[in-house]
Amino acid sequence: MGRGDPPRHGPVLPPLPAMESASALLPHELVHRVPGLDVAEARRVVSLVHRLGELPAVTPAGVRRAPYQALRRLVSTPHLTLVEERPSAIDPFVKYAFAAPDGAIVEAVRIPLERPGRFVACVSCQVGCGMGCAFCGTARLGHRRQLASWEIIDQVRQLRGRLPAGSRIHGVVFQGMGEPLANLAAVLTTIRVLCEPAALAIDACNVTVSTAGLVPGLAELLSSIPRRVRIALSIGSAIPARRLALIPSERQHPLAGLLALLAAHARRTRVAPVLSYTLLGGVNDTDEDIAALTALIDGFLAAAGLQPRLSLITYNRLGVDDPFVPAPPERLDAFRERIGGRGTPVVRRYSGGGDVEAACGQLGLSLARG
Ligand code: SF4
């Protein structure tokens with residue numbers, strides 16, 4: 001079209017503001033947005049959205065027609081689309097890949113619990129991650145984009161919809177792709193929806209936010225979440241120079257500052273954080289590392305008045321070019337015996353689904369390979 005030509009399809013209009021996603025709204029927020037809708041109706045609508053994944057055209061029982069139809073004009077019910085389901089051949093872990101409406105791929109993992117029929121949903125909060133942790137496959141993707149809260153919530157809903165009969169999602173861990181504190185607003189909204197009885201009804205004590213740690217984000221998270229939500233802090237190494245080499249954010253957000261916040265929170269709530277420690281052979285598994293970690297735990301105990309939990313994670317290699325190897329089992333035993341022997345609860349976290357790249361640190365690997 002030449003410069004002077006009239007526009008063929010009328011004037012270009014500004015884009016309509018995006019509709020809010022119904023799945024990210026709580027009952028009181030619906031009441032606030034829809035004139036005439038009462039709280040009981042809003043709870044019914046929220047429950048319906050999380051059960052069906054949509055708002056049916058026909059007004060449901062127990063909700064008046066006018067406010068319901070007004071609500072349908074105000075909100076949308078977008079979904080992720082399943083593109084791949086990869087059950088592990090070595091354990092009952094299942095990895096899922098979903099496509100967002102813009103084509104971005106979001107990965108999530110269904111983790112079995114010991115109790116039959118109970119599962120944990122491991123969700124992603126970003127596409128890729130910008131934190132650059134040296135032992136993490138997601139870091140190879142870099143930060144591609146934030147996920148909206150509905151995109152995080154929908155991972156849980158979709159995993160729930162694919163459970164074996166009689167099973168349920170018992171808990172949710174923010175341990176997939178991305179740093180939760182770098183997408184805090186969406187993560188906080190997600191936690192509220194997860195814990196809302198009319199929505200996904202997950203007990204707050206079964207929600208864990210796993211983080212490498214950003215000081216301002218952690219402070220805000222701790223002041224905003226339900227008391228019993230658990231925080232899992234990735235330690236990397238208790239020796240600052242070693243931690244910096246593994247987790248670059250140590251430079252701006254040192255472990256000492258993060259632990260001070262967690263200790264103050266634990267003192268207030270009496271809920272102990274988890275200290276996650278991925279054991280890398282010859283890197284952070286030495287006796288010197290055990291001594292540093294012991295001193296760190298002692299400092300936390302003195303400040304918080306309660307023991308943290310230590311979660312020891314076996315490393316999953318990221319490919320043949322990976323410079324890291326798992327620590328030998330005897331080093332894991334040394335950590336468990338010497339730290340656990342002093343009264344700290346120590347668990348070995350089984351990180352399964354390694355054959356389908358569902359294990360800790362492996363999400364996004366296949367995307368990074370292109
Ligand atoms: S370990 Fe977590 S914070 Fe670090 S790069 Fe991976 S996803 Fe990001």
Side-chain angles (χ1 to χ4, degrees), residues 95-97 104-109 111 120-147 151-152 155 172-184 186-187 190 207-218 220-221 230-238 240 242-255 257-259 261-262 273-280 283-284 311-319 322-324 326 349 351 353-354 357-369:
K95 185 167 91 165
Y96 295 89
I105 298 296
V106 179
E107 294 187 339
V109 180
I111 301 173
V120 166
C122 170
V123 296
S124 294
C125 61
Q126 297 179 310
V127 181
C129 184
M131 296 289 283
C133 301
F135 51 88
C136 175
T138 310
R140 297 183 183 179
L141 275 176
H143 176 257
R144 299 207 173 169
R145 79 162 169 86
Q146 304 285 44
L147 290 184
E151 292 173 308
I152 310 173
Q155 295 169 56
V172 174
V173 291
F174 290 82
Q175 206 170 278
M177 295 194 294
E179 165 53 62
L181 300 184
N183 189 13
L184 188 55
V187 167
T190 302
V207 174
T208 300
V209 179
S210 189
T211 176
L214 303 170
V215 170
L218 184 60
E220 190 180 339
L221 179 86
R230 207 172 283 282
I231 309 299
L233 178 65
S234 178
I235 300 297
S237 171
R242 281 185 201 169
R243 184 171 200 262
L244 180 61
L246 295 172
I247 303 179
S249 57
E250 166 71 12
R251 191 177 303 286
Q252 295 86 21
H253 307 275
L255 202 47
L258 300 165
L259 287 166
L261 287 172
L262 287 177
V274 175
L275 307 182
S276 304
Y277 200 100
T278 303
L279 282 154
L280 305 165
V283 174
N284 65 359
S311 174
L312 297 173
I313 304 165
T314 309
Y315 183 62
N316 295 286
R317 293 202 77 199
L318 303 178
D322 190 342
F324 299 114
R349 193 205 301 165
S351 179
E357 296 181 340
C360 280
Q362 291 186 322
L363 294 196
L365 261 182
S366 55
L367 308 174
R369 281 195 295 268

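As the structure lists them, so they are numbered: ligands from 1, and atoms in each ligand from 1. What you are looking at is a predicted structure, and each value in this text was computed from that prediction instead of being measured. What you see below is based on every heavy atom in this structure, not just the backbone, and it leaves out hydrogens, waters and symmetry mates.
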Sequence neighbours excluded, the answer for salt bridge (charged side-chain N to carboxylate O under 4.0 Å, His left out) partners of E357 is R369
Between V274 and R230 the two heavy atoms that sit nearest each other are CG2-CD, 3.6 Å
Under 3.5 Å donor-acceptor, H253 side chain and G213 backbone = no
Metal environment of atom 6 (Fe) of ligand 1, protein N/O/S under 2.8 Å = C136 SG
F174 meets the ring pair (Phe, Tyr, Trp, His ring centres under 6.0 Å) criterion, sequence neighbours left out, with none
Backbone N or O of D322 within a donor-acceptor pair of the R317 side chain at under 3.5 Å?
-> yes
Could I get the full list of salt bridge (charged side-chain N to carboxylate O under 4.0 Å, His left out) partners for R145, not counting sequence neighbours?
-> D102, E151
